[in-house]
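See structure below.
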Amino acid sequence: MIVTRFAPSPTGYLHVGGARTALFNWLWARRMGGTFILRIEDTDQKRNTPTATQQVMDDLRWLGIQWDEGPEVGGPNGPYLQSQRMDIYNKYINKLLDDKKAYYCFDTAEELDALRKEAEAQKKSFSYPRPKEFPNKSDVEKAKAQGRDVTVRFAVPQDEPLVVEDIVRGEIKFAAGEISDFIIQKSDGFPTYNFACVVDDYLMKITHVIRGQEHLMNTPGQQALWQALFGDSPLPKYAHMSVTVSDTGGKLSKRERPKALRKAIKVRPDVETVRIGEQLEFDGFRKENKSPQDIETSKLAEVGGITPEQLDSFIKGKTTPDMPVIDAMAEYLGVALPEINIVDFFKSGYLPETMVNFLALLGWNPGDNREIMPVNELIDAFDLSRLTKANSLFDRSKLLAFNTEHIKMTPPEKLLQHLRAYLKAVNSPVNSGDDEKLLKIIKLCEGARSLADIERKSRFLFLDNNEIQYDNKAVKKVLLKNDGLAVLAIVRDKLAVMDEFTEQVIEDMLRCLAEEKQVGLGKVAQPLRVAICGTTVSLPIFESVQMLGKEDTLTRIDTTLKKFGADN
RNA sequence: GGCCCCAUCGUCUAGGUAGGUCUAGGACACCGGGUUUUCAACCCGGCAACAGGGGUUCGAAUCCCCUUGGGGCUACCA
């Protein structure tokens with residue numbers, strides 16, 4: 001029986017890296033008909049966010065990753081929140097202490113720091129100096145009386161090399177003495193990750209630990225701890241996946257967002273302003289900002305709720321403010337930040353099926369040329385032996401291509417559900433349309449790359465006539481040039497006298513007019529499009545006009561003619 | 001600094017464990033052309049890689065070593 005787990009620490013939304021880890025564990029459990037456990041590693045009192053566990057669960061559910069055991073669903077190995085397992089951890093820590101396999105420490109942060117600096121100066125690995133005689137209970141009392149913090153360290157066997165057998169990397173050797181004694185109980189009484197993880201993996205009978213390469217260095221210590229605690233009982237199999245890196249270098253993380261914002265801000269040292277508005281480019285991701293403008297630094301700092309000094313320090317790359325500060329400033333500046341969290345992708349109009357498919361192919365492949373795969377196919381093909389060793393870069397343009405394919409292959413009814421959820425999340429007026437109308441829109445949007453595309457193209461149908469925003473470029477290009485307005489006026493008159501207002505008669509009229517004037521259909525259709533939508537991008541024009549209706553169409557054309565007509 | 005991991009087109013990767021069938025395959029991106037009422041989608045074509053150096057071998061993308069480059073870890077975070 002295969003048992004895997006995903007063990008996030010609840011510090012915020014689920015990000016792509018975490019989602020991929022969860023997915024691989026889930027895929028393997030499903031493939032093998034095993035159990036997938038969700039365990040919340042909330043042992044850090046300082047970092048935990050009260051809502052994070054819920055957010056992570058929501059995101060997993062959106063992706064379709066269901067856990068067999070864990071919060072809200074229960075199971076025989078609970079509780080699944082580590083903060084509720086303190087008795088268990090204490091029991092094992094005391095056992096280790098009694099067996100002289102762990103010992104108390106009373107060091108201050110400064111003392112430890114000094115030791116580390118010394119090791120570095122000597123070009124050696126840091127190794128905690130284990131005392132010859134382990135402190136006893138009365139030493140603990142003494143230390144506490146002096147106001148010193150008390151921690152517990154595990155005595156890592158130092159006389160022989162530690163070997164990790166990894167599914168993707170094979171045998172990895174760590175020389176004797178290379179792994180230092182590490183803390184297993186913090187001074188606040190909570191266990192550390194390296195301890196709780198081992199105990200829980202044992203108690204929950206985890207058979208496969210699939211996690212990021214960042215945990216590789218923890219593994220020898222964890223294995224040694226396992227042996228000290230559980231003797232010869234077989235270790236879980238480890239698979240350390242490659243890391244997903246970003247095009248800006250380093251592992252793809254939440255830090256991408258502040259980085260992107262920093263990149264978007266051009267400092268102008270002469271005056272107290274920053275310049276914003278040039279085209280931003282990330283990997284495959286392009287976002288046209290508002291027209292370039294200068295923004296006072298003081299105002300920007302105010303929006304973010306930080307001091308101008310803090311802003312300056314951020315811009316220079318010295319410090320990074322909290323995420324809400326970054327988000328607030330980005331929104332104020334009209335800068336789109338690269339998606340990192342799963343919800344970011346949801347709000348950008350990606351399908352969960354796209355994310356699952358794409359994430360699965362980051363560091364794994366089925367061995368043939370298949371790429372676009374539904375979940376069941378992914379499950380059937382998944383195999384740990386095909387995990388990739390090298391790090392991979394998160395390519396947003398390929399993700400978009402995947403999304404296009406998945407939108408194409410999703411049945412309309414299903415797509416409607418996704419679209420509804422998306423529209424609701426981004427608070428779009430399009431959500432006011434009934435199912436029949438949205439289904440029609442979906443059909444007209446064949447080839448759309450994201451749900452955001454569908455929203456953008458159909459938005460005009462759900463706005464009040466006075467809410468239409470005219471895009472400057474569109475107005476200049478199609479209305480003010482080539483007799484655009486004159487053509488529009490003719491189209492208006494022809495529409496006004498129509499008894500029937502169907503796609504067919506609208507099409508016939510426009511084609512006829514184009515032929516009369518000896519021009520392409522675009523020359524007559526585009527001015528009309530801009531008049532009713534404000535932009536050059538919308539649903540196909542005949543359907544656009546028909547769906548909007550005669551009355552609103554005429555009203556919008558009149559407004560446009562009045563607004564941009566030269567002689568008015 | 002120390003320890004560990006990794007290295008095929010711009011990107012994700014196939015091929016590597018059983019060296020020849022690899023003048024290195026696919027996908028995305030890009031470029032050119034077609035289609036077209038916008039944006040997409042779609043069709044046709046093109047560009048493009050075994051990091052460098054040394055071995056082993058009749059023969060190396062594939063095995064070994066070194067160099068270089070990238071990444072991870074180096075917390076009373078997980």
Side-chain angles (χ1 to χ4, degrees), chain A residues 7-11 41-44 46-47 105 107 109 112-113 116 119-126 149-153 164 166 168-170 172-175 178-180 182-188 190 192-194 196-197 212-220 240 242-243 245 247 249-251 283-284 358 361-372 385 388-402 404 407-408 445-449 453 456-457 474 478 507 510-511 514 520-526 528-530 533 535-542 544:
Chain A
S9 65
T11 55
E41 310 223 325
D42 54 348
T43 55
D44 185 349
K46 293 179 284 289
R47 291 208 318 162
C105 297
D107 313 88
L112 288 172
D113 207 38
R116 288 198 184 90
E120 191 170 335
Q122 291 178 12
K123 304 192 175 202
K124 281 203 258 182
S125 295
F126 167 74
D149 286 340
V150 178
T151 57
V152 177
R153 264 176 211 270
V164 172
D166 186 83
V168 313
R169 283 155 223 285
I172 302 157
K173 272 202 190 113
F174 297 85
E178 193 55 56
I179 305 300
S180 168
F182 56 92
I183 291 180
I184 56 176
Q185 185 176 51
K186 301 183 254 186
S187 59
D188 64 2
F190 276 80
T192 57
Y193 158 76
N194 274 317
C197 170
Q213 196 207 119
E214 61 267 28
H215 289 293
L216 193 52
M217 296 302 281
N218 293 143
T219 312
H240 288 93
S242 58
V243 175
V245 297
D247 54 330
K251 137 175 109 158
D283 169 52
F358 187 76
L361 256 39
L362 227 49
W364 174 82
N365 68 77
D368 47 40
N369 282 336
R370 279 181 297 169
E371 287 202 323
I372 302 298
S385 71
T388 300
K389 288 183 192 170
N391 293 168
S392 45
L393 195 142
F394 192 88
D395 182 353
R396 288 191 167 76
S397 45
K398 186 145 185 169
L399 177 69
L400 238 202
F402 269 52
T404 310
I407 287 179
K408 227 177 281 175
C445 285
E446 215 178 332
R449 313 209 83 193
D453 277 358
R456 190 166 51 117
K457 284 179 167 185
V478 316
E507 175 168 358
L510 289 171
R511 287 198 190 281
L521 187 53
K523 285 281 182 291
V524 299
Q526 283 302 79
L528 178 56
R529 191 190 302 277
V530 174
C533 309
T535 75
T536 53
V537 178
S538 80
L539 300 175
I541 190 65
F542 316 130
S544 288

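Keep in mind that this is a model prediction, so the values were computed, not measured. Each chain gets a letter, A, B and so on, in the order the sequences are listed, and its residues count up from 1.
- Residue Gly363(A) is classed as a sugar-phosphate contact, given heavy-atom separations below 4.0 Å to backbone atoms only.
- In this view, Phe542(A) satisfies the ring pair (Phe, Tyr, Trp, His ring centres under 6.0 Å) rule with no residue, not counting sequence neighbours.
- When the salt bridge (charged side-chain N to carboxylate O under 4.0 Å, His left out) test is applied to Arg370(A), the partners found at least two apart in sequence or on another chain are Asp368(A), Glu377(A).
- If you check every strand for non-hydrogen atoms under 4.0 Å, Gln526(A) touches sugar and phosphate atoms only.
- U35(B) and G53(B): their P atoms are spaced 48 Å apart (whole Å).
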Open item on the list: Can you build the contact string for nucleotides 72-78 of chain B? Use B for base contact, S for sugar-phosphate-only contact, and - for no protein heavy atom under 4.0 Å.
Closed with: BS-SBBB

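- Atom CD of residue Glu41(A) and atom OG1 of residue Thr11(A) lie 11.5 Å apart, to the nearest 0.5 angstrom.
- If you check every strand for non-hydrogen atoms under 4.0 Å, Phe542(A) touches a base.
- Scored by the salt bridge (charged side-chain N to carboxylate O under 4.0 Å, His left out) test, Lys408(A) finds Glu405(A) as partners (sequence neighbours excluded).
- A donor and an acceptor atom sit less than 3.5 Å apart, one in the side chain of Lys398(A) and one in the base of A27(B).
- Here the CG atom belonging to Asn194(A) is positioned 9.0 Å from the NE2 atom belonging to His215(A), to the nearest 0.5 angstrom.
- Note on Arg529(A): a base of the nucleic acid sits closer than 4.0 angstrom, heavy atoms only.
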Task: Where protein sits on nucleotides 40-48 of chain B, one letter per nucleotide: B base, S sugar-phosphate only, - none, heavy atoms under 4.0 Å - done: BSS------

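- When the C1' atom is used for both G59(B) and U67(B), the distance is 26 Å, rounded to whole Å.
- Residues meeting the ring pair (Phe, Tyr, Trp, His ring centres under 6.0 Å) test with Phe358(A), sequence neighbours left out: Phe394(A), Phe402(A).
- One C1' atom belongs to A48(B), the other to A29(B), and the distance between them is 11 Å to the nearest Å.
- For Arg511(A) and U37(B), the shortest distance from a side-chain N or O to OP1 or OP2 is below 4.0 Å.
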